Amino acid sequence: MIAIVDYGLGNISAFANIYKRLNIPFVAAKTSGELKQASKLILPGVGAFDYAMDKLVESGMREQLDELVLEKKIPILGVCVGMQMMASKSEEGEVKGLNWIPGSVKLFDASKLKHKPTIPHMGWNQVNPEKDLQIFENIEHEQGFYFLHSYFFECESNDDVLATSEYAGKFSCAVHQDNIYGFQFHPEKSLTNGVNLLKNFANI
Amino acid sequence: MLRSRIIPCLLVKNKGLVKTVNFKDPKYVGDPINAVKIFNEKLVDELIVLDIDASQEGRDPDYKMIENLATECRMPFCYGGGIKTVEQAVKISNLGVEKIAISSAAITNPSLLTELSDAIGRQSVVVVFDVRKTMFGGYDAFIYNGKTKVKGDFIKLLKEVESLGAGEVVINSIDQDGKMGGYDEKLISRVRETIDIPLTVLGGAGHLDHIKKIISDYKVIGVAAGSLFVFKGIYKAVLINYPSVAEKKVLNSLL
(Lines give C-alpha, C1' and ligand atoms only; values in the text may rest on other atoms or scores of the structure.)
Protein backbone atom coordinates (compact mmCIF):
# COMPACT_ATOMS: atom_id res chain seq x y z
CA MET A 1 0.00 0.00 0.00
CA ILE A 2 1.37 3.39 -1.00
CA ALA A 3 1.10 5.98 1.74
CA ILE A 4 1.05 9.63 0.70
CA VAL A 5 2.33 11.61 3.66
CA ASP A 6 -0.36 14.20 4.36
CA TYR A 7 1.28 16.66 6.73
CA GLY A 8 -0.62 19.64 5.35
CA LEU A 9 1.40 20.65 2.30
CA GLY A 10 1.49 19.57 -1.30
CA ASN A 11 -1.08 18.50 -3.83
CA ILE A 12 -2.21 15.27 -2.14
CA SER A 13 -5.31 15.00 -4.29
CA ALA A 14 -3.28 15.14 -7.51
CA PHE A 15 -1.29 12.05 -6.42
CA ALA A 16 -4.47 10.40 -5.16
CA ASN A 17 -6.28 10.95 -8.45
CA ILE A 18 -3.45 9.45 -10.47
CA TYR A 19 -3.29 6.30 -8.31
CA LYS A 20 -7.08 6.05 -8.36
CA ARG A 21 -7.09 6.08 -12.17
CA LEU A 22 -4.26 3.52 -12.22
CA ASN A 23 -6.18 1.34 -9.76
CA ILE A 24 -3.20 1.29 -7.41
CA PRO A 25 -4.18 1.21 -3.73
CA PHE A 26 -3.01 4.12 -1.60
CA VAL A 27 -3.79 5.94 1.60
CA ALA A 28 -3.33 9.60 2.56
CA ALA A 29 -1.61 9.24 5.94
CA LYS A 30 -2.09 11.94 8.57
CA THR A 31 -0.65 10.05 11.54
CA SER A 32 2.29 7.78 12.35
CA GLY A 33 -0.13 4.91 12.78
CA GLU A 34 -1.40 5.29 9.25
CA LEU A 35 2.16 5.18 7.93
CA LYS A 36 2.97 1.81 9.46
CA GLN A 37 1.08 -0.17 6.81
CA ALA A 38 2.98 1.49 3.97
CA SER A 39 5.05 -0.57 1.55
CA LYS A 40 5.97 2.65 -0.25
CA LEU A 41 5.87 6.32 0.69
CA ILE A 42 5.32 9.59 -1.12
CA LEU A 43 6.44 12.83 0.48
CA PRO A 44 4.90 15.83 -1.33
CA GLY A 45 5.61 19.46 -0.52
CA VAL A 46 5.28 23.02 -1.74
CA GLY A 47 6.25 26.38 -0.30
CA ALA A 48 9.06 27.37 1.99
CA PHE A 49 11.62 24.90 3.41
CA ASP A 50 11.41 25.91 7.08
CA TYR A 51 7.62 25.98 7.04
CA ALA A 52 7.51 22.52 5.43
CA MET A 53 9.98 21.02 7.95
CA ASP A 54 8.01 22.57 10.83
CA LYS A 55 4.73 21.18 9.46
CA LEU A 56 6.27 17.73 9.08
CA VAL A 57 7.52 17.73 12.67
CA GLU A 58 4.17 19.12 13.89
CA SER A 59 2.37 16.26 12.17
CA GLY A 60 4.14 13.84 14.48
CA MET A 61 5.19 11.65 11.57
CA ARG A 62 8.86 12.63 11.37
CA GLU A 63 10.25 9.94 13.65
CA GLN A 64 8.19 7.19 12.03
CA LEU A 65 9.40 8.34 8.60
CA ASP A 66 13.04 8.28 9.75
CA GLU A 67 12.56 4.72 10.94
CA LEU A 68 10.69 3.50 7.86
CA VAL A 69 13.10 5.13 5.42
CA LEU A 70 16.48 4.75 7.12
CA GLU A 71 16.02 1.48 9.00
CA LYS A 72 13.27 -0.46 7.26
CA LYS A 73 14.43 0.86 3.85
CA ILE A 74 10.88 1.44 2.63
CA PRO A 75 11.00 3.08 -0.83
CA ILE A 76 10.11 6.75 -0.63
CA LEU A 77 9.55 9.36 -3.35
CA GLY A 78 9.92 13.02 -2.36
CA VAL A 79 8.52 15.77 -4.58
CA CYS A 80 9.58 19.41 -4.82
CA VAL A 81 9.96 20.67 -1.24
CA GLY A 82 9.42 17.06 -0.16
CA MET A 83 12.62 16.22 -2.04
CA GLN A 84 14.45 19.29 -0.73
CA MET A 85 13.64 18.33 2.85
CA MET A 86 15.69 15.16 2.34
CA ALA A 87 18.82 17.33 2.25
CA SER A 88 20.96 18.42 5.19
CA LYS A 89 20.02 22.07 5.00
CA SER A 90 18.63 24.83 2.76
CA GLU A 91 19.74 28.36 1.95
CA GLU A 92 16.06 29.25 2.07
CA GLY A 93 15.80 28.80 5.83
CA GLU A 94 17.31 28.01 9.20
CA VAL A 95 15.78 24.65 10.02
CA LYS A 96 17.87 21.49 9.46
CA GLY A 97 16.68 19.06 6.82
CA LEU A 98 15.98 15.36 7.26
CA ASN A 99 19.57 14.63 6.15
CA TRP A 100 18.61 11.44 4.34
CA ILE A 101 20.76 12.35 1.33
CA PRO A 102 23.72 14.60 2.19
CA GLY A 103 23.52 17.87 0.36
CA SER A 104 22.28 21.39 0.60
CA VAL A 105 19.50 23.27 -1.09
CA LYS A 106 20.63 26.38 -2.93
CA LEU A 107 19.10 29.37 -4.70
CA PHE A 108 19.50 29.57 -8.47
CA ASP A 109 22.14 32.07 -9.55
CA ALA A 110 20.02 34.43 -11.67
CA SER A 111 23.11 36.09 -13.10
CA LYS A 112 23.79 32.91 -15.09
CA LEU A 113 20.57 33.28 -17.09
CA LYS A 114 20.96 34.62 -20.63
CA HIS A 115 17.59 36.35 -20.72
CA LYS A 116 14.54 36.98 -18.55
CA PRO A 117 12.66 35.57 -16.75
CA THR A 118 14.91 34.77 -13.83
CA ILE A 119 13.47 33.09 -10.74
CA PRO A 120 11.41 30.98 -10.14
CA HIS A 121 12.17 28.23 -12.67
CA MET A 122 8.66 27.85 -14.02
CA GLY A 123 7.48 25.55 -16.78
CA TRP A 124 8.23 22.37 -18.74
CA ASN A 125 11.88 21.42 -19.01
CA GLN A 126 13.84 18.37 -20.14
CA VAL A 127 15.11 15.89 -17.58
CA ASN A 128 18.31 13.97 -18.33
CA PRO A 129 18.79 10.76 -16.34
CA GLU A 130 22.27 10.14 -14.94
CA LYS A 131 21.38 6.64 -13.78
CA ASP A 132 19.55 4.06 -15.82
CA LEU A 133 16.80 3.09 -13.41
CA GLN A 134 13.39 1.53 -13.78
CA ILE A 135 11.79 4.70 -12.44
CA PHE A 136 12.47 6.38 -15.80
CA GLU A 137 10.96 3.65 -17.98
CA ASN A 138 8.55 4.92 -20.68
CA ILE A 139 9.46 8.54 -20.01
CA GLU A 140 9.67 10.90 -22.98
CA HIS A 141 12.70 12.97 -22.07
CA GLU A 142 12.08 15.66 -24.67
CA GLN A 143 8.65 16.39 -23.20
CA GLY A 144 10.15 16.52 -19.74
CA PHE A 145 8.31 17.52 -16.58
CA TYR A 146 6.82 20.64 -14.97
CA PHE A 147 9.04 22.64 -12.64
CA LEU A 148 8.03 25.41 -10.22
CA HIS A 149 10.83 26.35 -7.81
CA SER A 150 13.56 28.84 -6.97
CA TYR A 151 15.85 26.50 -5.01
CA PHE A 152 17.55 23.29 -6.07
CA PHE A 153 19.21 20.31 -4.32
CA GLU A 154 23.00 20.16 -4.58
CA CYS A 155 24.20 16.66 -3.64
CA GLU A 156 27.42 16.19 -1.72
CA SER A 157 28.09 13.07 -3.74
CA ASN A 158 27.67 12.73 -7.50
CA ASP A 159 26.55 9.15 -6.90
CA ASP A 160 23.30 10.51 -5.50
CA VAL A 161 22.44 12.53 -8.61
CA LEU A 162 19.64 10.68 -10.41
CA ALA A 163 18.91 13.22 -13.15
CA THR A 164 19.86 16.72 -14.20
CA SER A 165 18.13 19.57 -15.95
CA GLU A 166 19.34 22.84 -17.40
CA TYR A 167 18.51 26.21 -15.83
CA ALA A 168 21.16 28.80 -14.95
CA GLY A 169 23.55 25.93 -15.55
CA LYS A 170 23.16 22.19 -15.06
CA PHE A 171 21.47 21.27 -11.77
CA SER A 172 20.38 18.04 -10.18
CA CYS A 173 16.61 17.74 -10.55
CA ALA A 174 16.37 14.21 -9.20
CA VAL A 175 18.29 12.46 -6.42
CA HIS A 176 18.54 8.82 -5.40
CA GLN A 177 20.19 6.64 -2.81
CA ASP A 178 19.05 3.03 -2.16
CA ASN A 179 15.34 3.24 -1.37
CA ILE A 180 15.17 7.03 -1.44
CA TYR A 181 14.06 8.96 -4.55
CA GLY A 182 13.59 12.71 -4.79
CA PHE A 183 12.27 14.76 -7.70
CA GLN A 184 12.36 18.54 -7.94
CA PHE A 185 9.67 18.63 -10.63
CA HIS A 186 5.98 17.78 -10.16
CA PRO A 187 5.17 14.29 -11.49
CA GLU A 188 1.63 14.70 -10.15
CA LYS A 189 1.10 17.51 -12.66
CA SER A 190 3.33 16.40 -15.54
CA LEU A 191 0.73 14.66 -17.68
CA THR A 192 1.80 11.34 -19.23
CA ASN A 193 5.42 11.39 -18.08
CA GLY A 194 4.31 12.08 -14.54
CA VAL A 195 1.77 9.28 -14.53
CA ASN A 196 4.38 6.85 -15.86
CA LEU A 197 6.94 7.88 -13.27
CA LEU A 198 4.43 7.42 -10.44
CA LYS A 199 3.37 4.09 -11.92
CA ASN A 200 7.02 3.00 -12.13
CA PHE A 201 7.51 3.92 -8.49
CA ALA A 202 4.53 1.83 -7.50
CA ASN A 203 6.08 -1.14 -9.33
CA ILE A 204 9.54 -0.95 -7.78
CA MET B 1 15.84 23.79 -22.16
CA LEU B 2 12.93 25.54 -20.44
CA ARG B 3 10.08 26.01 -22.90
CA SER B 4 7.50 28.75 -23.18
CA ARG B 5 4.14 27.92 -21.67
CA ILE B 6 1.01 28.06 -23.82
CA ILE B 7 -1.91 28.56 -21.47
CA PRO B 8 -5.69 28.51 -21.92
CA CYS B 9 -7.28 31.14 -19.70
CA LEU B 10 -10.88 30.44 -18.72
CA LEU B 11 -13.19 33.08 -17.27
CA VAL B 12 -15.91 31.94 -14.91
CA LYS B 13 -19.11 33.87 -14.16
CA ASN B 14 -22.03 32.33 -12.23
CA LYS B 15 -20.28 28.95 -12.37
CA GLY B 16 -20.26 29.00 -16.17
CA LEU B 17 -17.48 29.70 -18.63
CA VAL B 18 -17.83 33.02 -20.41
CA LYS B 19 -15.96 34.99 -23.00
CA THR B 20 -15.91 38.77 -23.16
CA VAL B 21 -14.83 41.45 -25.63
CA ASN B 22 -12.99 44.37 -24.05
CA PHE B 23 -14.20 42.95 -20.73
CA LYS B 24 -17.85 43.48 -21.77
CA ASP B 25 -20.82 41.38 -22.94
CA PRO B 26 -19.94 38.07 -21.33
CA LYS B 27 -21.24 35.20 -23.47
CA TYR B 28 -21.76 31.75 -21.98
CA VAL B 29 -19.50 29.21 -23.67
CA GLY B 30 -19.85 26.11 -21.57
CA ASP B 31 -19.20 24.17 -18.42
CA PRO B 32 -15.78 24.66 -16.78
CA ILE B 33 -15.34 21.00 -15.81
CA ASN B 34 -15.97 19.85 -19.37
CA ALA B 35 -13.44 22.34 -20.66
CA VAL B 36 -10.83 21.08 -18.19
CA LYS B 37 -11.49 17.48 -19.22
CA ILE B 38 -10.92 18.39 -22.85
CA PHE B 39 -7.76 20.32 -22.04
CA ASN B 40 -6.48 17.28 -20.12
CA GLU B 41 -6.83 15.19 -23.27
CA LYS B 42 -5.04 17.87 -25.28
CA LEU B 43 -2.02 17.77 -22.92
CA VAL B 44 -2.14 21.47 -22.12
CA ASP B 45 0.96 23.07 -20.52
CA GLU B 46 -0.87 24.90 -17.77
CA LEU B 47 -4.35 26.29 -17.08
CA ILE B 48 -5.61 29.59 -15.64
CA VAL B 49 -9.16 29.96 -14.33
CA LEU B 50 -10.37 33.39 -13.23
CA ASP B 51 -13.65 34.09 -11.45
CA ILE B 52 -14.38 37.52 -12.87
CA ASP B 53 -17.10 38.56 -10.43
CA ALA B 54 -15.91 37.40 -7.04
CA SER B 55 -14.05 40.58 -6.05
CA GLN B 56 -16.61 43.08 -7.30
CA GLU B 57 -19.38 41.09 -5.65
CA GLY B 58 -17.32 41.07 -2.49
CA ARG B 59 -17.75 37.35 -2.03
CA ASP B 60 -15.58 34.42 -1.08
CA PRO B 61 -14.13 32.21 -3.79
CA ASP B 62 -16.34 29.25 -4.73
CA TYR B 63 -14.32 26.55 -2.97
CA LYS B 64 -16.46 23.66 -4.14
CA MET B 65 -16.07 24.69 -7.78
CA ILE B 66 -12.32 25.20 -7.30
CA GLU B 67 -11.96 21.79 -5.68
CA ASN B 68 -13.85 20.13 -8.53
CA LEU B 69 -11.70 21.88 -11.12
CA ALA B 70 -8.46 21.10 -9.26
CA THR B 71 -9.39 17.45 -8.90
CA GLU B 72 -10.11 17.20 -12.60
CA CYS B 73 -7.11 19.21 -13.81
CA ARG B 74 -4.07 17.10 -14.67
CA MET B 75 -1.77 19.98 -15.43
CA PRO B 76 -0.54 22.87 -13.30
CA PHE B 77 -3.51 25.00 -12.33
CA CYS B 78 -3.66 28.70 -11.46
CA TYR B 79 -6.85 30.05 -9.89
CA GLY B 80 -7.80 33.69 -9.32
CA GLY B 81 -10.87 35.58 -8.25
CA GLY B 82 -11.93 37.05 -4.93
CA ILE B 83 -8.81 36.15 -2.97
CA LYS B 84 -8.14 38.75 -0.29
CA THR B 85 -6.56 36.91 2.63
CA VAL B 86 -3.79 34.42 3.31
CA GLU B 87 -6.33 32.00 4.80
CA GLN B 88 -8.30 31.91 1.57
CA ALA B 89 -5.14 31.40 -0.47
CA VAL B 90 -3.87 28.57 1.75
CA LYS B 91 -7.28 26.91 1.67
CA ILE B 92 -7.32 27.07 -2.12
CA SER B 93 -3.71 25.89 -2.36
CA ASN B 94 -4.59 22.85 -0.25
CA LEU B 95 -7.45 22.01 -2.61
CA GLY B 96 -4.75 21.16 -5.14
CA VAL B 97 -4.11 24.47 -6.89
CA GLU B 98 -0.50 25.14 -7.85
CA LYS B 99 -0.74 28.92 -8.18
CA ILE B 100 -2.95 31.60 -6.66
CA ALA B 101 -3.70 34.73 -8.68
CA ILE B 102 -4.66 38.02 -7.10
CA SER B 103 -5.64 41.23 -8.83
CA SER B 104 -7.54 43.84 -6.84
CA ALA B 105 -6.06 42.66 -3.53
CA ALA B 106 -2.54 43.35 -4.81
CA ILE B 107 -3.58 47.00 -5.16
CA THR B 108 -5.80 47.46 -2.10
CA ASN B 109 -3.53 45.47 0.23
CA PRO B 110 0.01 45.20 -1.17
CA SER B 111 1.49 43.64 1.98
CA LEU B 112 -0.73 40.63 1.22
CA LEU B 113 1.82 39.70 -1.45
CA THR B 114 4.59 39.28 1.08
CA GLU B 115 2.30 37.35 3.44
CA LEU B 116 1.18 35.05 0.65
CA SER B 117 4.72 34.52 -0.51
CA ASP B 118 5.74 33.55 3.04
CA ALA B 119 2.80 31.19 3.40
CA ILE B 120 2.68 29.33 0.10
CA GLY B 121 6.01 30.24 -1.50
CA ARG B 122 6.76 32.97 -3.97
CA GLN B 123 6.53 30.62 -6.94
CA SER B 124 2.82 30.19 -6.28
CA VAL B 125 1.90 33.87 -6.08
CA VAL B 126 0.64 35.41 -9.33
CA VAL B 127 -0.48 39.00 -9.82
CA VAL B 128 -2.89 39.69 -12.68
CA PHE B 129 -2.92 43.21 -14.13
CA ASP B 130 -5.87 44.23 -16.35
CA VAL B 131 -4.53 47.07 -18.45
CA ARG B 132 -5.83 49.75 -20.82
CA LYS B 133 -3.91 52.16 -23.03
CA THR B 134 -4.00 55.79 -22.01
CA MET B 135 -4.41 58.68 -24.43
CA PHE B 136 -0.75 59.50 -24.09
CA GLY B 137 0.77 56.17 -25.13
CA GLY B 138 1.10 54.78 -21.63
CA TYR B 139 -0.96 52.24 -19.71
CA ASP B 140 -3.26 52.22 -16.71
CA ALA B 141 -4.12 49.27 -14.53
CA PHE B 142 -7.76 48.59 -13.69
CA ILE B 143 -9.43 46.44 -11.04
CA TYR B 144 -12.93 45.03 -10.43
CA ASN B 145 -13.33 43.66 -13.92
CA GLY B 146 -12.02 46.74 -15.67
CA LYS B 147 -14.30 49.14 -13.84
CA THR B 148 -11.97 51.02 -11.47
CA LYS B 149 -8.78 52.71 -12.58
CA VAL B 150 -5.80 52.24 -10.31
CA LYS B 151 -4.11 55.51 -9.37
CA GLY B 152 -0.40 55.63 -9.87
CA ASP B 153 2.16 54.82 -12.49
CA PHE B 154 1.64 51.35 -13.96
CA ILE B 155 5.33 50.71 -14.44
CA LYS B 156 5.99 51.60 -10.80
CA LEU B 157 3.19 49.23 -9.72
CA LEU B 158 4.86 46.40 -11.63
CA LYS B 159 8.16 46.96 -9.86
CA GLU B 160 6.46 47.17 -6.46
CA VAL B 161 4.58 43.95 -6.96
CA GLU B 162 7.79 42.17 -7.94
CA SER B 163 9.67 43.45 -4.90
CA LEU B 164 6.81 42.59 -2.53
CA GLY B 165 6.82 38.90 -3.40
CA ALA B 166 5.00 38.10 -6.63
CA GLY B 167 6.45 35.07 -8.40
CA GLU B 168 4.72 35.73 -11.73
CA VAL B 169 2.83 38.54 -13.41
CA VAL B 170 -0.03 38.07 -15.87
CA ILE B 171 -0.66 41.07 -18.11
CA ASN B 172 -4.16 41.19 -19.57
CA SER B 173 -4.90 43.74 -22.28
CA ILE B 174 -8.46 45.02 -21.93
CA ASP B 175 -8.15 46.75 -25.32
CA GLN B 176 -7.28 43.51 -27.10
CA ASP B 177 -9.55 41.24 -25.04
CA GLY B 178 -11.75 39.06 -27.23
CA LYS B 179 -10.81 40.89 -30.45
CA MET B 180 -8.53 38.11 -31.66
CA GLY B 181 -6.45 40.71 -33.49
CA GLY B 182 -3.11 39.98 -31.86
CA TYR B 183 -1.39 40.76 -28.56
CA ASP B 184 -0.46 44.31 -27.53
CA GLU B 185 3.23 43.89 -28.29
CA LYS B 186 4.21 47.34 -27.07
CA LEU B 187 2.66 46.55 -23.70
CA ILE B 188 4.47 43.23 -23.49
CA SER B 189 7.76 44.88 -24.30
CA ARG B 190 7.26 47.56 -21.61
CA VAL B 191 6.44 44.99 -18.99
CA ARG B 192 9.23 42.56 -19.91
CA GLU B 193 11.87 45.26 -19.63
CA THR B 194 10.51 46.37 -16.24
CA ILE B 195 10.42 43.12 -14.25
CA ASP B 196 12.58 40.00 -14.05
CA ILE B 197 10.11 37.40 -12.78
CA PRO B 198 8.15 35.08 -15.09
CA LEU B 199 5.65 36.92 -17.28
CA THR B 200 2.46 35.63 -18.92
CA VAL B 201 0.62 37.68 -21.51
CA LEU B 202 -3.10 37.56 -22.24
CA GLY B 203 -5.52 39.40 -24.47
CA GLY B 204 -5.83 39.41 -28.25
CA ALA B 205 -4.55 36.05 -29.50
CA GLY B 206 -6.52 35.20 -32.63
CA HIS B 207 -4.16 32.87 -34.43
CA LEU B 208 -1.33 30.54 -33.51
CA ASP B 209 1.00 32.89 -35.39
CA HIS B 210 0.36 35.49 -32.70
CA ILE B 211 1.67 33.03 -30.16
CA LYS B 212 4.63 32.07 -32.33
CA LYS B 213 5.68 35.72 -32.64
CA ILE B 214 5.64 36.36 -28.91
CA ILE B 215 7.62 33.21 -28.15
CA SER B 216 10.10 34.02 -30.89
CA ASP B 217 10.61 37.52 -29.45
CA TYR B 218 10.94 36.51 -25.82
CA LYS B 219 12.24 32.90 -25.89
CA VAL B 220 10.75 32.00 -22.50
CA ILE B 221 7.36 33.49 -21.68
CA GLY B 222 3.84 32.44 -20.76
CA VAL B 223 1.43 32.96 -23.65
CA ALA B 224 -2.18 32.78 -22.57
CA ALA B 225 -5.36 32.93 -24.60
CA GLY B 226 -9.08 32.72 -24.05
CA SER B 227 -10.99 33.15 -27.31
CA LEU B 228 -8.38 31.36 -29.42
CA PHE B 229 -8.76 28.13 -27.43
CA VAL B 230 -12.52 28.35 -27.01
CA PHE B 231 -13.78 29.47 -30.41
CA LYS B 232 -13.31 28.21 -33.95
CA GLY B 233 -13.95 29.92 -37.25
CA ILE B 234 -15.19 33.36 -38.22
CA TYR B 235 -18.59 32.80 -36.66
CA LYS B 236 -16.96 31.98 -33.33
CA ALA B 237 -18.52 28.58 -32.81
CA VAL B 238 -17.64 27.23 -29.40
CA LEU B 239 -15.02 24.53 -29.79
CA ILE B 240 -12.39 23.88 -27.15
CA ASN B 241 -9.08 23.54 -28.96
CA TYR B 242 -5.33 23.70 -28.36
CA PRO B 243 -2.21 23.16 -30.49
CA SER B 244 -1.07 19.56 -30.95
CA VAL B 245 2.33 18.40 -29.70
CA ALA B 246 3.74 18.87 -33.22
CA GLU B 247 2.18 22.33 -33.56
CA LYS B 248 3.64 23.30 -30.18
CA LYS B 249 7.10 22.34 -31.36
CA VAL B 250 6.67 24.75 -34.30
CA LEU B 251 5.39 27.49 -31.97
CA ASN B 252 8.44 27.00 -29.77
CA SER B 253 10.68 27.15 -32.87
CA LEU B 254 11.88 23.65 -32.12
CA LEU B 255 10.86 22.38 -35.56
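Keep in mind that this is a model prediction, so the values were computed, not measured. Order of the sequence lines sets the chain letters (A, B, ...), proteins ahead of strands, with each chain counted from 1.
Counting non-hydrogen atoms of neighbouring residues, nucleotides and ligands closer than 6.0 angstrom, the CD atom of A:E140 reaches no more than 12 such neighbours. In this structure, A:K96 places its NZ atom where only 12 or fewer heavy-atom neighbours from other residues, nucleotides or ligands lie under 6.0 Å away.
For A:Q143, the parts lying under 4.5 angstrom from a heavy atom of chain B are both the backbone and the side chain. Only the backbone of B:L95 has a heavy atom closer than 4.5 Å to any heavy atom of chain A. Neither the backbone nor the side chain of A:S165 comes within less than 4.5 Å of any heavy atom of chain B. At a 4.5 Å heavy-atom cutoff, the contact between B:I120 and chain A is made by backbone atoms alone. Proximity to chain A is limited to the backbone of B:Y218, based on heavy atoms less than 4.5 angstrom apart. Using a 4.5 Å cut-off between heavy atoms, B:D196 contacts chain A through both its backbone and its side chain. When heavy atoms are compared at a cutoff of 4.5 Å, B:K99 approaches chain A solely by way of its side chain, counted from C-beta outward.
Contact count against chain A (heavy-atom pairs under 4.5 Å) is highest for B:G96 among B:S124, B:G121, B:A70, B:G96. Here B:L43 is the residue among B:V97, B:L43, B:N40 with the most heavy-atom pairs under 4.5 Å with chain A.
In terms of the salt bridge (charged side-chain N to carboxylate O under 4.0 Å, His left out) criterion, A:K199 has no residue partners (sequence neighbours excluded).
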Please list, one pair per line, the donor and acceptor atoms closer than 3.5 Å that link side chains of residues 41-53 of chain A to other protein atoms, with sequence neighbours excluded.
{"unit_1": "A:D50", "atom_1": "OD1", "unit_2": "A:E94", "atom_2": "N", "d": "3.0"}
{"unit_1": "A:D50", "atom_1": "OD1", "unit_2": "A:V95", "atom_2": "N", "d": "3.0"}
{"unit_1": "A:D50", "atom_1": "OD2", "unit_2": "A:E94", "atom_2": "N", "d": "2.8"}

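Taking the charged nitrogens against the carboxylate oxygens, A:E142 and B:K249 do have a contact shorter than 4.0 Å, which makes a salt bridge.
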Using the side chain to side chain contact (heavy atoms under 4.5 Å, CB included) rule, take B:R74 and A:R21 through it: C-alpha gap first, then chi angles, then the decisive distance, then the call.
CA-CA 12 Å; B:R74 296 190 206 161; A:R21 286 198 300 270; 3.1 Å; yes

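Considering CZ of A:F147 and CD of B:Q123, their distance stands at 14.0 Å, rounded to 0.5 Å.
Side-chain contact annotation: A:Y146 with B:E98, donor-acceptor N/O pair under 3.5 Å absent.
Counting all heavy atoms, side chain and backbone alike, B:V44 lies closest to A:L191 at O-CD1, 3.6 Å.
Heavy-atom neighbours of chain B within the stretch residues 1-16 of chain A, taken at a separation under 4.5 angstrom, comprise A:G8, A:N11, A:S13. The contact list for residues 110-129 of chain A toward chain B, using heavy atoms and a distance under 4.5 Å, reads A:H115, A:K116, A:P117, A:T118, A:I119, A:P120, A:H121, A:M122, A:G123, A:W124, A:N125, A:Q126 by residue number.
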